[in-house]
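In what follows, a single structure is set out as structure tokens and then discussed.
For reference, positions follow the sequence shown, starting with 1.
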Amino acid sequence: MNGADPGGALAMPSWARAFPGTPRQAGAARRFVASLLDGSPLCDDAVVVVSELFTNALLHTNSGKPGGLVVVQ
């Protein structure tokens, strides 16, 4: 097989981090994504998207309740 995926897909690197579900952690999530995409032309857009999704998770899911987490992957 020479290390090839039998399904034909290539393995892509993946990073994930769990943040406490508090509004202050939205900035930490933005910095996390910005550090991963430093130098990419998509960095600014990705940071905006993460900010929006993080805030929505806090408002509309159990992530924003005490002990909640938001996972950025």
Side-chain angles (χ1 to χ4, degrees):
M1 286 251 195
N2 296 331
D5 179 6
L10 297 175
M12 298 295 295
S14 177
W15 293 264
R17 183 170 164 197
F19 297 89
T22 63
R24 289 185 60 131
Q25 291 298 309
R30 288 190 298 269
R31 289 187 296 276
F32 170 67
V33 170
S35 71
L36 293 174
L37 297 175
D38 186 37
S40 168
L42 303 175
C43 182
D44 291 343
D45 291 336
V47 168
V48 170
V49 170
V50 165
S51 185
E52 290 292 320
L53 292 175
F54 196 101
T55 301
N56 286 345
L58 296 181
L59 294 174
H60 303 294
T61 73
N62 288 335
S63 294
K65 293 183 179 175
L69 296 172
V70 177
V71 177
V72 176
Q73 181 174 358

(request) Over all heavy atoms of both residues, which pair between Ala57 and Ser63 is shortest? Give the atoms and the distance, please. (result) O-CB, 3.7 Å
(message) So for atom CG, which belongs to Asn56, do other residues, nucleotides or ligands contribute more than 12 heavy atoms lying within a distance under 6.0 Å?
(response) yes
(request) Would you name the heavy atoms of Val70 and Leu58 that are closest together and state the gap between them? (result) CG2-CD2, 3.9 Å
(request) Spell out, yes or no, whether Val33 and Val48 are grouped together once hydrophobic residues are joined by side-chain heavy atoms under 4.5 Å, including indirect joins. (result) no
(request) Measure the spacing between CZ of Phe19 and CZ of Arg30 and express it to the nearest 0.5 Å. (result) 10.5 Å
(message) With clusters defined by side-chain heavy atoms of hydrophobic residues (ILVMFWY) lying less than 4.5 Å apart, directly or transitively, does Trp15 cluster with Leu37?
(response) yes
(request) Indicate yes or no: at least one non-hydrogen side-chain atom of Phe54 is less than 4.5 angstrom from one of Gln25. (result) yes
(message) Please check this pair: side chain of Thr55 against backbone of Ser51, looking for a donor-acceptor N/O pair closer than 3.5 Å.
(response) yes
